[in-house]
Number of protein chains: 2
Amino acid sequence: MSEGVEWGLHCVTLLALVPPDMAMPAAKLAEFHELPPAYLAKHLQALSRHGIVEAVPGPKGGYRLAKPATEITMLDVVHAIDGDDNAFQCSEIRRCGPAKVAKKEYVKTCGIARAMWAAEATWRAELRSRTVAELVLGLPEDVSPRAAEKALAWFPTAIR
Amino acid sequence: MSEGVEWGLHCVTLLALVPPDMAMPAAKLAEFHELPPAYLAKHLQALSRHGIVEAVPGPKGGYRLAKPATEITMLDVVHAIDGDDNAFQCSEIRRCGPAKVAKKEYVKTCGIARAMWAAEATWRAELRSRTVAELVLGLPEDVSPRAAEKALAWFPTAIR
DNA sequence: GTCCCTATACTCGGATAGCAAGTGTCCGAGTATAGGCGG
DNA sequence: CCGCCTATACTCGGACACTTGCTATCCGAGTATAGGGAC
């Protein structure tokens, strides 16, 4: 899985703390995680194209969430950055070789592909059930008070 | 996900039909699916290293299952070929930037990584619950009688 | 003092190089076989 | 006729090029702002 997924999830979580009438530039998002700004921008563009974040141009511009954090699932972010294709790709090799028959004979999909896709379906269901809002609510439990203090001190200098 | 996973699953399913005292060469496995023989061999080596299939050298040699098909899960095959690393890799970017604190302060794992890994756990559980034996039992339901006939006619020419 | 205009600086967006992992291929090491030879 | 030996041919196993997609970067298009000037 692409590394950008991790970046995207962290950035979306951080953007969820930005007031709806403000925005945070990509450079600040990169600074907060010490990420290469130009490359992170590429992933933020993907999130923007898929309607997850909203881009505000010009000075006092930046990114903000395009919809409430309760309506953005982790699956949305993963799909926006890594694409929504199945991880398992069935190339129908069963239709090749000495046992191949007419195309019309293959009515059901390959059993192997069905099983793999069923497993991916549970994975997607799990990620679809987790919203960005839940990630934010879980933050106080994971970050130490000292780190939270530093983050809160930095935050006002980043939003515009 | 690597294309070799698909090849490996199909080959293991085919090998499940080989009598325990016989073997099928990699070249025949490749022929049955019209796959590049040399490259398929690479994946079969991986299956052999992980104790899924057993390699028999010399003439009348080839591959056979190293244990009963009921004890080989789809997850075993996927892990052997694609590796058992988590698809989501947490690089701990939360420990960087202006809000970073001492290493000892990060006691719990990142909430984002926990959620991603939980989703992967359901994916693995699903694949672990499916054995190669079940794939074989599902074959008659998916392949047309005509294809089964051709496969059965080819099969004796491939095992040694 | 207030309104309008213009130059500015900051933002995002897409087009452009570099690199690593997966893809594809090859040749060498090892072994059970099959045939020939000797007893 | 039977047993042993040797040459053979077939197998797997690891080491070597190539290509696609992810990684990383830059510069151009667009816009709200801030300052200056006119009224």
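Bear in mind the structure is a predicted one, so any value in this text is a computation, not a measurement.
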Which one, D:dA24, C:dA34, D:dT33, comes nearest to the side chain of A:Trp7? D:dA24

Specify whether A:Phe32 and A:Trp154 have parallel, tilted or perpendicular ring planes, treating 30° as the upper limit for parallel and 60° as the lower limit for perpendicular. tilted

A:Glu71/A:Lys67 salt bridge by N-O under 4.0 Å criterion: no

Under 3.5 Å, is there a donor on one side chain and an acceptor on the other for A:Ser91 and B:Glu6? yes

Please state how far atom CD in B:Gln89 lies from atom C1' in D:dC22, giving the value in whole angstrom units. 15 Å

Judged by each residue's nearest nucleotide on DNA chain D, which is more toward the 5′ side, B:Val56 or A:Ser2? B:Val56

Ring center gap for B:His10 and B:His33 short of 6.0 angstrom: yes

So among B:Val5, B:Ile72, B:Leu127, B:Val53, which one has a side-chain contact (heavy atoms from CB on, under 4.5 Å) with B:Val77? B:Ile72

Do the side chains of B:Arg114 and A:Asp142 get close enough for a salt bridge, i.e. N-O under 4.0 angstrom? yes

Under 4.0 Å between any heavy atoms, over every strand shown, what does B:Ala27 touch: base, sugar-phosphate, or nothing? Just pick one. nothing

From CE of B:Met1 over to P of C:dT23, roughly how many Å is that when rounded to an integer? 12 Å

Can you tell which of C:dG13, D:dC12, C:dA34 lies closest to the side chain of B:Lys60? C:dA34

Contact nearer the 5' end of DNA chain D, comparing A:Pro59 with B:Pro57: B:Pro57

In numerical order, the residues of residues 28-48 of chain B whose heavy atoms come under 4.0 Å of DNA chain D are B:Lys42, B:Gln45, B:Ser48

Could you check how far CD1 of B:Ile81 sits from P of C:dT23, rounded to whole Å? 11 Å

Rounded to the Å, how far apart are A:Arg49 CZ and C:dA15 P? 10 Å

Could you check how far CZ of B:Arg64 sits from P of D:dT11, rounded to whole Å? 15 Å

Integer-rounded Å distance: C:dT31 C1' and B:Arg160 CZ: 15 Å

Taken to the nearest whole Å, CG/B:Asp85 to P/C:dA21 is 12 Å

Output the rounded distance in Å from CD (B:Glu3) to P (D:dT20). 13 Å

Is it true that B:Glu105 and A:Arg146 make a salt bridge, defined as a side-chain N closer than 4.0 Å to a carboxylate O? no

